[in-house]
Amino acid sequence: MSNRHKSKQTQNYYNEWTKHYLQSGYGDVIQAHRPADVKQLLDYIIAQSEMKSGMKILDAGCGVCGPAIYFAQQLDIEIDAISISEEQIRIAKDKIQQNGIEKLIHTHVCDYHNMDTCFQAETFDLIIFLESFGHSNTPNKVLNAAVSLLKPGGKLYIKDYFQKEITGNKTRKTTIRRIIKNMNTAYAYNLPDLNHTIRTLRQSDMELIRVNKNELPLNNDRSVLEFEKEHGIDLFEGGFHFRFLDALELLFRKPHDVDEPIA
């Protein structure tokens, strides 16, 4: 599938499905890997991304700005929030206005593959991808665009699901590949590869701060299980629930000088 076709697929998906997320247990925070208390999730993201007052932040794949609104209410920050979905941005604008924080969050309909054409280079202190990175069919293009928009010393935070290695006998491998295909089809996704992601960022001279498993207590009965039941989504086709993904977090830093001598 071409990148243009994939982007259009994602755009159509969220234009149509955002209303279903808002009416479900997801609410304004469209994040599948979450504890029962959404505030715990958002505070966790602030800490893990090393978000601080004074930062200029890009929320790449912002949804309806549920997280962005919370971040702007907690910290003295400025956020540019982008989504490929016109419907999400329309809803986000209303929510931002309702909270009286139009000066803090600026929304844009923008394909994050081309975000380096939407903003000037070296604009942001922090770029965050909150379960949005996995929608890309050409993740190297997204990552390279993000790196170009970071200031020297700026950080890139990705919270998402990543594909596990496909192992075991032929039947197990075939089943897992089918489950992954089901997930990608149901959610307009392209479950990313961890090794490729790290390699791409390192090739852009980004410094790895950490890669870790997301250890938030998982309580997604309403947000995920009820959502899938209501809409007839069965990734496992009624069969065994193979563990085919990891909930991970990546944090990278853009160096001031990649050739700086070691002290």
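Heavy-atom basis, side chains included; hydrogens, waters and symmetry copies ignored. Being a predicted model, the structure only gives us computed values, none of them experimental.
- Listed by first and then second residue, the salt bridge (charged side-chain N to carboxylate O under 4.0 Å, His left out) pairs that reach into residues 163-181 are Lys164-Asp246, Arg178-Glu237, sequence neighbours excluded.
- Between the side chains of His108 and Asp80, at least one donor-acceptor pair of N or O atoms lies under 3.5 Å.
- Looking at Leu201, Ile158, Val147 one by one, the single match for side chain to side chain contact (heavy atoms under 4.5 Å, CB included) with Phe252 turns out to be Leu201.
- One finds no salt bridge joining Lys151 and Glu122 here, because no Lys/Arg side-chain nitrogen approaches an Asp/Glu carboxylate oxygen to under 4.0 Å.
- Smallest separation of non-hydrogen atoms from Leu250 and Val211: CG-CG2, 4.0 Å.
- Residues His33 and Leu216 share a closest heavy-atom pair of NE2-O, 4.0 Å.
- Using cut-offs of 30° and 60° for the angle between ring planes, the His135 and Tyr189 rings count as perpendicular.
- Note: Phe240 and Phe242 meet the aromatic proximity criterion, with ring centroids under 6.0 Å apart.
- Salt bridge Asp28/Lys95: present, at least one basic N to carboxylate O contact under 4.0 Å.
- Around atom CZ of Arg243, no more than 12 heavy atoms belonging to other residues, nucleotides or ligands sit under 6.0 Å away.
- Side chains of Asn140 and Thr200: a donor-acceptor N/O pair is absent below 3.5 angstrom, by distance only.
- When the side chain to side chain contact (heavy atoms under 4.5 Å, CB included) test is applied to Arg90, the partners found at least two apart in sequence or on another chain are Glu87, Asp94.
- Aromatic ring centres of Phe129 and Tyr157: separated by at least 6.0 Å.
- Under the rule for a side-chain hydrogen bond (donor to acceptor under 3.5 Å, both in side chains), the partners of Gln31 that lie at least two apart in sequence or sit in another chain are Lys159.
- Using a 4.5 Å cut-off on side-chain heavy atoms (C-beta onward), Val29 and Arg34 make contact.
- Ring pair Phe227/Tyr26 is perpendicular by interplanar angle, where above 60° counts as perpendicular and below 30° as parallel.
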